[in-house]
Amino acid sequence: MTDNHIDPERAQFDAFKDLPRDHPIEMLNLVRFREHAAYPEDHPLAGKGLTGAQAYANYGRDSGPVLARLGGRIVWRGAYQTTLIGPADEAWDACFIARYPDAAAFLAMVTDPDYKQAVIHRQAAVLTSRLIRTSPSDAGATFG
């Protein structure tokens, strides 16, 4: 077991796969970058002095076409300011929501050969993250 929250634990991924796959999903992404990217030693960008933010930009560049090809898109992005309720040490460099036409599209993305190459940048970039699956619903005028 790990506590860096970069990749899903097996039980978390199994729980994701056990949920229905035939309706749209939205994935809340909260990401904190490493100061310095940590590429595997045999990667061409290892030791090139990239920041975590630069490595994450590489991830976005390389994974974006896969996301689009599968019908996904970023539906919201915001700049983190402060945590009002929650752990004070959880600050985020990237906050966004990705929408997928269904969970099957997300699963197709993470198993896509091009995505598997792109995710190396994410792993090099991320110090910690949260990835939360949600089911879209209608917005309303109240919290309830």
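Using a distance-only test at 3.5 Å, with no hydrogens or angles considered, a donor-acceptor pair links the side chain of R34 to the main chain of A124. Proximity of a side-chain donor or acceptor of T83 to a complementary backbone N or O of A88 within less than 3.5 Å is not detected.
Applying the salt bridge (Lys or Arg N to Asp or Glu O under 4.0 Å) test to residues at least two apart or on different chains, the pairs with a partner in residues 95-109 are E26-R99. The salt bridge (Lys or Arg N to Asp or Glu O under 4.0 Å) analysis of residues 11-21, with sequence neighbours excluded, yields the pairs R10-D14, D14-K17. The list of salt bridge (Lys or Arg N to Asp or Glu O under 4.0 Å) pairs with a residue in residues 109-135, not counting sequence neighbours, reads R69-D112, R69-D114, E90-R130.
Heavy-atom minimum distance, A125 versus A55: CB-CB, 3.7 Å.
Annotation: side chain to side chain contact (heavy atoms under 4.5 Å, CB included) contacts of I74 (sequence neighbours excluded): L67, R77, F96, A98.
Cluster partners of L19, using a side-chain heavy-atom cutoff of under 4.5 Å among ILVMFWY residues and allowing indirect links: none. W92 forms part of a hydrophobic cluster together with L28, L30, V75, W76, Y80, I97, I132, judged by ILVMFWY side-chain heavy-atom separations under 4.5 Å.
With rounding to the nearest 0.5 angstrom, the OG atom of S135 is 9.0 Å from the CD1 atom of I25. Interatomic distance, CG of D89 versus OG1 of T128, reported as 9.5 Å (0.5 Å rounding).
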- Query: Yes or no on side chain to side chain contact (heavy atoms under 4.5 Å, CB included) for D93 and V31, after CA distance, side-chain angles and deciding distance?
  - Reply: CA-CA 6 Å; D93 296 309; V31 183; 5.8 Å; no
- Verdict with reasoning, D62 to Q117, per side-chain hydrogen bond (donor to acceptor under 3.5 Å, both in side chains): CA-CA 8 Å; D62 293 353; Q117 290 300 310; over 6 Å; no
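Annotation: side chain of P40 is in contact with side chain of I120 (closest heavy-atom distance under 4.5 Å). Taking the side chain as every heavy atom from C-beta outward, H121 and H43 approach each other to under 4.5 Å. Counting heavy atoms from C-beta on, the side chains of F33 and T51 never come closer than 4.5 Å. Side-chain atoms of F13 and D7, non-hydrogen and from C-beta on, never get closer than 4.5 Å to each other. The closest side-chain heavy-atom distance from P24 to P101 is not below 4.5 Å. Considering only heavy atoms from C-beta on, L45 comes within 4.5 Å of N58 through its side chain.
For NE2 of H36, the number of neighbouring non-hydrogen atoms (other residues, nucleotides, ligands) closer than 6.0 Å is 12 at most.
L127 is not connected to Y56 by any chain of hydrophobic side-chain contacts under 4.5 Å among Ile, Leu, Val, Met, Phe, Trp and Tyr, and they are in different clusters. The hydrophobic clustering, which links ILVMFWY residues whose side-chain heavy atoms are closer than 4.5 Å, places V119 and Y100 together.
Between F16 and F106, the ring planes are tilted. Angles from 30° to 60° get that label.
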